[in-house]
Amino acid sequence: MADSSKKMQIVFASAECAPFVKTGGLGDVAGSLPAALVRAGAEVIVMVPKYATIKDEYKAQMEHFSDFYVSLGWRNEYCGLEKLEHDGVTYMFIDNERYFARDYPYGFFDDGERFAFFSKAITESLQHLPAGFECDILHCNDWQTALAPVFLREFYQGLPLYDRVKTVFSIHNVAFQGQFSDTVMEDILGVAHIPAAASQLRCDACSINYMLGALRYADAITTVSPTYANEIQTPEFGEGLDGVLRERSYALQGILNGIDVAGFDPATDKRIAANYTVEDRSGKAVCKAKLQEELGLEVRDDRPLMVMVTRLTRQKGMDLVMYALDRILSGGVQVAVLGTGDRDYEDGLRYFQDKYPGTMAARIEFDPALSQRMYAAADMFLMPSKFEPCGLSQIIAMRYGTLPIVRETGGLKDTVIPYNEFTGEGTGFSFSNFNGDEMGDAVFRAARLFWDNRDAWNQLVTQAMSQDFSWTRSADKYLDLYFFMHPEIERPAAVVDEPETVAEPVAAEEPKAEEKPAVEAEVKPAAKPAAKKTTARKATAKKATATKAAASKTTAAKTTTAKATTTRKRTTAAAMKVAEAEVAPEVKAETATAEAKPAAKAPAKTAAKKTVATTKKATAAKKTTATKSTTTKDTTTKAAAKTTPKAVAKPAGKVEETPSESKAEAAVEAKPAAKTTTRKRTTTTAKKATTKAAAPKAEAKAEDKPAVKGEPAPKAAEVKTAPKATAKTEPAKEAPVSPAAKTEEKAPTKKTSVRKATATRKRH
């Protein structure tokens, strides 16, 4: 039984965290995701090093909570915990001045030792947390915390406090892995004498790789977009880790980052010339005119203004920009670029500014305020990255009604829906290959729409501004994963209800029509397992059905919000659990759940004997059943629908308790069945009808799963769809595994095919 009183308790470890310390996107994630998790009902403690660069105003708010010593190789290092409450989140700063009293977070000769200490301090701190906080999930981020899952397994496994801890490791950029000489293995890490650890950390004859250790030891692996999760399993993007990522693909999934929708809001942003909303965008025209004037461009509203806010590097696609810029500027598109980087790119942009005065503006500097004005003023935002794990600029641009033009890679592919001129769908423009001509073509597709069909353009802007990229949505996906790893903890209903307010903007997206039926079909019976007990309980069953209908609508709204990331099955699995939890008060007096549990744990031999007995009873019952009227058959079919949840619930429970290897096999077996949802439901219904007619007793109900496997041949004689039922017995049984297993162990092949199919529909 799920524990309704226990909250999910998460320790979130990161080397940086806004607003305390931030050098890149990791700081944004660590500063926003924990707060969203807390709003969703979880308890979160964020662990960050206490750098000297943290502002004094924050240091003054810290209170000394605990201190202890951490063993690191032959060393015993002091570790203090400084506690700070900020925006509803508890922060624990790891205090050690020798390692962290520096002018900058990274880039020192002893980074390997510094962050090995940080990882060890995180694991040691789990036994020094506030009273009542027992860590369920340890969520580590990037190579600076990658050794925590290794230490947890090798030094702490078997201790009661640590037995319940499940580890999640998030890759924010696979290019930064933490590679060091193998001399640190004994001198610092103290694992050279442990063969398993030594072999799994080593990346070559004389080096070890911190991230490699996390990929092999963590219970689940995530990255910042679904497409990037696929890409890093290839040699082109995997940076040498593609092999181990393919091995553990069942445990890898991509979850899109969000943005601070309150901080990036054109309706309230004080940094822009005029505020505007999706309904009234007159302020955007004011912003455009002011920016054109500020940058020395022609003040014209009939020319599209395209901007870039970026690092000037090859990774950001600057090679393509240099190649195509002459064509773009001579074609009548205004361009403004803000950023710093490689000297060649900086000089090239200055050249084009001199060649096209009034049309091209280059600002070779770092100016956050100007970047905000550019997001708000522009018509188009160019982001032709060679690779992009997630990317935030294109999301911010859409928030401000600026249509992104992106290359289809990583998070850019997952966040920008290419414009379809036939259906009007889309939120921007995209191109596939890292090619300057393709990029130029995409720019002029956008420009021509701006010039020739302003109504279609405005509709596209409306769709872009209406997208939901809040951290609430991302947090919900992470909670799907956390609760899958801890099925004994009951998920609060508020987690499902919250995204309803943000489901509307994305309701028009393409996958909706396919997803809603799938959710309703799989979840609908979840309210009824107890109602099958006896005919005397029909009133209770009707009550449960009414409750479930309302739950299905809530679940469908949540699934619609999640569809853009191709994680339909994970959302369905979570919805099933929530639906069951909501209906539980209605049917708690019934004993069906209590009877199902012992059945799941019963020895195989006992189950087999009961199956034989059930089969005999079923054979005798069939003779009577065969003479019944069509009405009786309909009644039997309805009863079968009530029986179905038992087949759903039991495999789901098994998957959650199996080792990672078994999960991989379950995910693979579930795939083909997941593609034929309708046939599976029909087959399962047919089989359950016989079980219902033959075994009305509680014992027969508890043994639904063995009975189905034992009776394919007799059922073929009774049910009209008998050939199908016989052929698909196993897939039908395994089907429910897919939604649950997919949460943690999403296979890349499925996601890639879904993405290609979606892209094809959108192009045509």
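Heads up: numbering here begins at 1 and tracks the sequence.
- Atoms NE2 and OG1, from His172 and Thr222 in turn, are 7.0 Å apart once rounded to the nearest 0.5 Å.
- The local environment of CD in Glu293 is sparse, with at most 12 non-hydrogen atoms from other residues, nucleotides or ligands closer than 6.0 Å.
- In this structure, the side chains of Thr409 and Lys386 stay at 4.5 Å or more apart for every pair of heavy atoms.
- Remark: Ala18 pairs with Lys22 by the side-chain contact (heavy atoms from CB on, under 4.5 Å) rule, at least two apart or across chains.
- Within the structure, ring pair (Phe, Tyr, Trp, His ring centres under 6.0 Å) contacts touching residues 425-446 (residues at least two apart or in different chains) are Tyr419-Phe429.
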Step by step, would you call Leu312 with Ile364 a side-chain contact (heavy atoms from CB on, under 4.5 Å)? CA-CA 9 Å; Leu312 305 180; Ile364 311 303; 4.1 Å; yes
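- Shortest non-hydrogen contact noted between Glu294 and Arg363 is O-NH2, 3.9 Å.
- Annotation: ring pair (Phe, Tyr, Trp, His ring centres under 6.0 Å) contacts involving residues 446-472, sequence neighbours excluded, comprise Phe450-Trp457.
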Could you walk me through whether Gln467 and Val416 pass the side-chain contact (heavy atoms from CB on, under 4.5 Å) check? CA-CA 10 Å; Gln467 296 300 295; Val416 178; over 6 Å; no
Under the salt bridge (charged side-chain N to carboxylate O under 4.0 Å, His left out) criterion, do Arg473 and Asp476 qualify, and how do the steps go? CA-CA 5 Å; Arg473 183 197 60 171; Asp476 192 54; over 6 Å; no
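- By the 4.5 Å heavy-atom criterion applied to side chains, Leu245 and Ile171 are counted as neighbours.
- Closest of all the heavy-atom pairs between Val333 and Arg303 is N-NH2, 4.1 Å.
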Run the side-chain hydrogen bond (donor to acceptor under 3.5 Å, both in side chains) test on Gln177 and Glu239 for me, step by step, so that the C-alpha distance in whole Å, both residues' side-chain angles and the decisive distance to 0.1 Å come before the verdict. CA-CA 9 Å; Gln177 302 174 4; Glu239 300 288 346; 5.2 Å; no
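- Between His139 and Tyr482 there is a side-chain heavy-atom pair separated by less than 4.5 Å.
- For the side-chain contact (heavy atoms from CB on, under 4.5 Å) test, residues two or more places apart in sequence or in another chain that qualify with Cys287 are Ile272, Ala273, Ala274, Tyr276, Ala376, Ala377.
- With Lys288 as reference, Asp379 is the one residue of Asp301, Asp379, Thr402 to meet the side-chain hydrogen bond (donor to acceptor under 3.5 Å, both in side chains) rule.
- By the 4.0 Å N-to-carboxylate-O rule, Asp242 lies close enough to Arg246 to be salt-bridged with it.
- Legend: residues meeting ring pair (Phe, Tyr, Trp, His ring centres under 6.0 Å) with Tyr400, ordered by chain and number and at least two apart, are absent.
- No side-chain heavy atom of Val461 sits under 4.5 Å from any side-chain heavy atom of Lys284.
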Test side-chain contact (heavy atoms from CB on, under 4.5 Å) on Asp437 and Tyr323 and set out the steps. CA-CA 8 Å; Asp437 289 320; Tyr323 174 86; 3.2 Å; yes
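- For Thr227 and Asp414, the side-chain atoms include at least one donor-acceptor pair closer than 3.5 Å.
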Working note: Ile328 + Met439, criterion side-chain contact (heavy atoms from CB on, under 4.5 Å); need CA distance, chi angles, decisive distance, verdict. CA-CA 10 Å; Ile328 292 169; Met439 187 196 82; 4.0 Å; yes
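- The pair Asp326-Lys355 meets the salt-bridge criterion, since a charged nitrogen lies less than 4.0 angstrom from a carboxylate oxygen.
- Looking at Met322 and Leu349, their side chains come closer than 4.5 Å, going by heavy atoms from C-beta outward.
- Scanning both residues, Gly254 and Pro226, for their nearest heavy atoms gives O-CG, 3.6 Å.
- When side chains are defined from C-beta on, Met211 counts as touching Val174, because their heavy atoms get closer than 4.5 Å.
- Residues satisfying the ring pair (Phe, Tyr, Trp, His ring centres under 6.0 Å) test with Tyr375, not counting sequence neighbours, are Phe381.
- Residues Thr427 and Pro404 approach most closely at O-CD, 3.4 Å, considering heavy atoms.
- Residues Asn458 and Arg281 meet the side-chain proximity criterion, which asks for heavy atoms closer than 4.5 Å.
- The residue from Arg407, Lys413, Lys316 that alone fulfils the salt bridge (charged side-chain N to carboxylate O under 4.0 Å, His left out) condition with Glu388 is Lys316.
- With contacts defined as side-chain heavy-atom distances shorter than 4.5 Å, the pair Ile405/Pro384 does not qualify.
- Residue Leu449 holds its CG atom at 8.5 Å from CG of Leu403, rounded to the nearest 0.5 Å.
- A salt bridge between Asp269 and Arg373 is absent, with no side-chain N of the basic residue lying under 4.0 Å from a carboxylate O of the acidic one.
- A 6.0 Å sphere centred on OH of Tyr356 holds more than 12 heavy atoms belonging to other residues, nucleotides or ligands.
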